[in-house]
J.: 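Below are the structure tokens for one structure; questions will follow.
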2 protein chains.
Amino acid sequence: MDSRPTNSELEILNVLWRIGPCSVRDVFEELNKTRTTGYTTVLKLMQIMAEKGLVTRNEQNRAHIYAAQRSESDTQRSLLDDFVDRAFGGSAHRLALHVLGSKKSSEEELAEIRQLLERLEEKS
Amino acid sequence: MDSRPTNSELEILNVLWRIGPCSVRDVFEELNKTRTTGYTTVLKLMQIMAEKGLVTRNEQNRAHIYAAQRSESDTQRSLLDDFVDRAFGGSAHRLALHVLGSKKSSEEELAEIRQLLERLEEKS
DNA sequence: TCCATTATACGAAGAGTTTCGTATAATGGA
DNA sequence: TCCATTATACGAAACTCTTCGTATAATGGA
């Protein structure tokens with residue numbers, strides 16, 4: 001019931017999060033800016049997502065309006081939990097080290113992380 | 001050729017990384033500590049993984065000995081890249097913030113991260 | 001009104017993943 | 001030596017994911 005989005009579903013969710021509730025056509029056009037895909041493919045996926053409860057659907061108008069059911073950060077948290085378990089044996093801090101060590105971060109980003117660290121250390 | 005491990009494959013790799021090169025039976029028993037799965041299921045998966053090059057296989061003895069082809073941290077790096085793109089729109093630092101914010105870290109772990117941060121800040 | 005356009009609905013193909021049954025071969029103890 | 005045990009090999013079923021063709025219905029402009 002609490003099904004995790006597949007890769008394609010996540011791609012669609014990303015559009016919904018970015019541009020807000022919209023029609024299949026809107027998502028279709030958005031996706032086709034970066035890759036080629038068929039209209040009915042997107043439609044089918046979004047219908048399935050509605051069945052799964054990943055999106056809600058307003059059927060007032062002819063072109064139904066879809067919206068993401070869960071927030072981006074909620075979803076990310078779930079995916080992250082899964083991922084940490086699967087790929088990092090549950091060790092979140094090892095994942096953090098990997099991220100910080102292998103990806104370039106800007107000064108601002110580093111500052112933000114340092115700030116968060118300080119808050120965490122205060123609490124303990 | 002550089003195929004990413006599936007979930008089941010990753011589960012097997014985790015065993016190989018943890019206990020080192022071993023037989024199908026060893027992996028089978030290890031997996032069955034936490035969940036139920038059939039022997040031939042594990043065997044088949046590991047045969048496929050050998051074909052894909054995810055593991056190497058020593059056929060000297062009757063019970064072949066399998067070993068992970070790529071290191072744990074190498075594999076994690078690849079998976080991480082994928083994951084960051086898919087789930088966090090490519091923003092590694094947002095992922096890091098998520099990890100640090102939502103998962104409890106020990107003092108030692110925080111210290112380790114702070115150290116890494118300092119090294120990163122020196123370099124810039 | 002008629003028709004081109006554009007929706008949704010639906011089924012099914014094709015690929016990949018996971019599972020397991022069965023066949024067959026090696027091994028070693030009674 | 002025989003046989004129970006335990007390997008590998010292999011094929012195929014069951015599922016999921018992704019894609020798309022086709023049917024059908026609504027809409028609106030000429």
J.: Side chains of A:R70 and A:S78 only: does a donor on one sit below 3.5 Å from an acceptor on the other?
T.: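 Yes, A:S78 and A:R70 have a side-chain donor paired with an acceptor closer than 3.5 Å.
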
J.: Expressed as a whole number of angstroms, how long is the span from B:L43:CG to D:dA7:C1'?
T.: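 Taking atom C1' of D:dA7 as the reference, CG of B:L43 is at 9 Å.
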
J.: Answer yes or no: does a side-chain N or O of A:Q47 lie under 4.0 Å from OP1 or OP2 of C:dA9?
T.: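 It does, given that an N or O in the side chain of A:Q47 lies less than 4.0 Å from OP1 or OP2 of C:dA9.
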
J.: When you measure from the side chain of B:R94 to the backbone N and O of B:F88, does any donor-acceptor pair fall under 3.5 Å?
T.: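 At least one qualifying donor-acceptor pair exists.
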
J.: Do you know the tightest heavy-atom contact between A:C22 and A:V27?
T.: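 That closest heavy-atom pairing would be SG-CG2, 3.7 Å.
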
J.: Side chains of A:I65 and A:R57: does their closest heavy-atom pair fall under 4.5 Å?
T.: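 Counting from C-beta outward, A:I65 and A:R57 never come under 4.5 Å.
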
J.: Toward the 5' end of DNA chain D, which comes first, A:R62 or A:V42, by nearest nucleotide?
T.: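 Looking at the nearest nucleotide for each, A:V42 comes out on the 5' side.
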
J.: Taking CD from B:E11 and P from C:dT18, how many angstroms apart are they, rounded to a whole number?
T.: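 The answer, rounded to whole Å, is 9 Å.
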
J.: So what's the dot-bracket for DNA chain D: Watson-Crick or G-U pairs under 3.5 Å, [ ] if a pair crosses, | if it pairs off-strand?
T.: ||||||||||||||||||||||||||||||

J.: Check for a donor-acceptor pair, side chain of A:N14 on one end and backbone N or O of B:G89 on the other, with a separation under 3.5 Å.
T.: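 Looks like no, no N/O pair under 3.5 Å.
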
J.: Does C:dA9 have OP1 or OP2 sitting under 4.0 Å from an N or O in the side chain of A:T40?
T.: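 No, outside the criterion.
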
J.: Distance check needed: C:dA9 P versus A:I48 CD1, whole Å only.
T.: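 Nearest whole value for this atom pair: 12 Å.
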
J.: Just compare C:dT18, D:dT18, C:dC10 and give me whichever is closest to any side-chain atom of A:K44.
T.: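 Nucleotide nearest to A:K44's side chain: C:dC10.
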
J.: Would you kindly give the CG-to-P distance between A:N7 and D:dT18, to the nearest whole Å?
T.: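 Whole-Å distance recorded here is 6 Å.
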
J.: Pull out every residue in residues 18-39 of chain A that has a heavy atom closer than 4.0 Å to any atom of DNA chain D, ordered by number, or say none.
T.: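 A:R35, A:G38, in order of number.
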
J.: Looking at the side chain of A:T41, which of D:dT19, D:dC17, C:dT22 is the nearest nucleotide?
T.: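 Looking only at heavy atoms from C-beta outward on A:T41, the closest nucleotide is D:dT19.
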
J.: Look at the side-chain N and O atoms of B:S8 and state whether any lies under 4.0 Å from the OP1 or OP2 oxygen of C:dT17.
T.: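 No.
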
J.: Looking just at side-chain N and O atoms, do B:H64 and B:E59 make a donor-acceptor pair shorter than 3.5 Å?
T.: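 Per modelled atom types, B:H64 and B:E59 side chains form no pair under 3.5 Å.
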
J.: Give a yes or no answer on whether the side chain of A:S71 reaches the backbone of A:D74 with a donor-acceptor pair at less than 3.5 Å.
T.: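 Yes, A:S71 side chain to A:D74 backbone: donor-acceptor pair under 3.5 Å.
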
J.: Expressed in angstrom and rounded to an integer, what is the separation of B:L54 atom CG from C:dT17 atom C1'?
T.: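 It is 13 Å, rounded to the nearest whole Å.
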
J.: Check whether any side-chain nitrogen or oxygen of A:K52 sits under 4.0 Å from OP1 or OP2 of D:dC17, and answer yes or no.
T.: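 It does, given that an N or O in the side chain of A:K52 lies less than 4.0 Å from OP1 or OP2 of D:dC17.
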
J.: Determine yes or no for a side-chain-to-main-chain donor-acceptor pair under 3.5 angstrom, with A:N32 supplying the side chain and A:T37 the backbone.
T.: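 Side chain of A:N32 to backbone of A:T37, a donor-acceptor pair under 3.5 Å: yes, one is there.
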
J.: Check whether any side-chain nitrogen or oxygen of B:R57 sits under 4.0 Å from OP1 or OP2 of D:dA9, and answer yes or no.
T.: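 Yes, because at least one side-chain N or O of B:R57 sits under 4.0 Å from OP1 or OP2 of D:dA9.
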
J.: Hydrogens and angles aside, do A:S23 and A:D26 bring a side-chain donor and acceptor to less than 3.5 Å of each other?
T.: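 Present: a donor and an acceptor within the cut-off.
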
